[in-house]
Amino acid sequence: MWNKVRKAGGRVADALRSETKSDGDKRPHNLFEAAAVYVTACAEDDQERADEAAGWVSPEALSFGVNELACRAVIALARERGEAPGTVARELLGLPTA
């Protein structure tokens with residue numbers, strides 16, 4: 001039974017980090033680091049860096065990380081502006097207010 005738990009935990013860990021850093025540091029990337037680098041690279045129009053970050057974790061993990069980053073960013077910006085998160089999100093996307 002413990003072997004099944006250990007194997008499942010290993011699969012989850014592999015999904016969260018799939019590749020080691022290339023700069024000599026052997027610590028693997030995690031999904032939040034990959035998401036931060038990916039979003040930053042996209043914002044700076046650096047396709048090569050975005051592709052590199054996308055390869056650090058599974059597509060599902062990257063999607064989760066980008067979603068979490070977006071949620072946290074909207075909440076932080078809403079608090080800073082004193083507005084509702086929905087209002088901020090719609091404004092960032094250029095949508096009319098609801």
Side-chain angles (χ1 to χ4, degrees):
M1 179 169 140
W2 289 111
N3 282 338
K4 289 182 181 180
V5 172
R6 204 172 303 126
K7 285 180 185 178
R11 284 193 298 269
V12 169
D14 288 344
L16 297 178
R17 54 181 157 68
S18 63
E19 190 175 302
T20 58
K21 289 186 173 182
S22 60
D23 62 1
D25 186 1
K26 296 300 179 192
R27 184 182 61 81
H29 296 282
N30 68 45
L31 69 101
F32 297 115
E33 181 180 22
V37 172
Y38 179 82
V39 169
T40 302
C42 289
E44 295 172 348
D45 201 26
D46 184 350
Q47 188 60 46
E48 186 176 321
R49 185 76 172 140
D51 291 343
E52 179 185 350
W56 293 345
V57 295
S58 71
E60 295 83 9
L62 182 62
S63 178
F64 174 81
V66 169
N67 182 62
E68 186 66 21
L69 177 59
C71 290
R72 291 180 187 193
V74 167
I75 289 168
L77 192 54
R79 286 181 182 155
E80 183 180 294
R81 293 181 177 182
E83 298 177 354
T87 302
V88 171
R90 295 182 70 79
E91 183 181 316
L92 289 172
L93 293 171
L95 300 173
T97 55

Margin query: Among residues at least two apart in sequence or on other chains, which ones pass salt bridge (Lys or Arg N to Asp or Glu O under 4.0 Å) with Arg79?
Written below: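 Checked Arg79 against salt bridge (Lys or Arg N to Asp or Glu O under 4.0 Å); zero matches.
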
Notebook entry, point to check: Is it true that atom CZ of Phe64 has more than 12 heavy atoms of other residues, nucleotides or ligands lying nearer than 6.0 Å?
Noted result: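 Not buried by this count: 12 neighbours or fewer within 6.0 Å.
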
For [X], enumerate each residue passing the side chain to side chain contact (heavy atoms under 4.5 Å, CB included) test, keeping only those at least two apart in sequence or located in another chain.
| X | result |
| --- | --- |
| Val66 | Ala35, Tyr38, Val39, Leu62 |
| Cys71 | Asn67 |
| Thr40 | Glu44 |

Check: Could you give all pairs that pass the salt bridge (charged side-chain N to carboxylate O under 4.0 Å, His left out) test and reach residues 61-77, with sequence neighbours left out?
Finding: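 Listed once each, the pairs are Glu68-Arg72.
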
Could I get the full list of side-chain hydrogen bond (donor to acceptor under 3.5 Å, both in side chains) partners for [X], not counting sequence neighbours?
| X | answer |
| --- | --- |
| Arg49 | Glu52 |
| Arg81 | Glu91 |
| Glu48 | none |
| Asp51 | Gln47 |

Item checked: Side-chain cluster (under 4.5 Å, hydrophobic types only) that Val88 belongs to, other residues ->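 Via sub-4.5 Å side-chain contacts, Val88 links to Val74, Leu77, Leu92.
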
Next item on the list: Please go through Leu93's hydrophobic cluster and name the other residues, only I, L, V, M, F, W, Y counting, with side-chain heavy atoms under 4.5 Å joining them.
Entry: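 Its cluster partners, ordered by chain and number, are Leu95.
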
Margin query: For the CH2 atom of Trp56 and the CG atom of Asn30, what is their distance to the nearest 0.5 Å?
Written below: 10.0 Å

Next item on the list: Compare every heavy atom of Ala50 with every heavy atom of Ala41, then report the nearest pair and how far apart it is.
Entry: CB-N, 3.5 Å

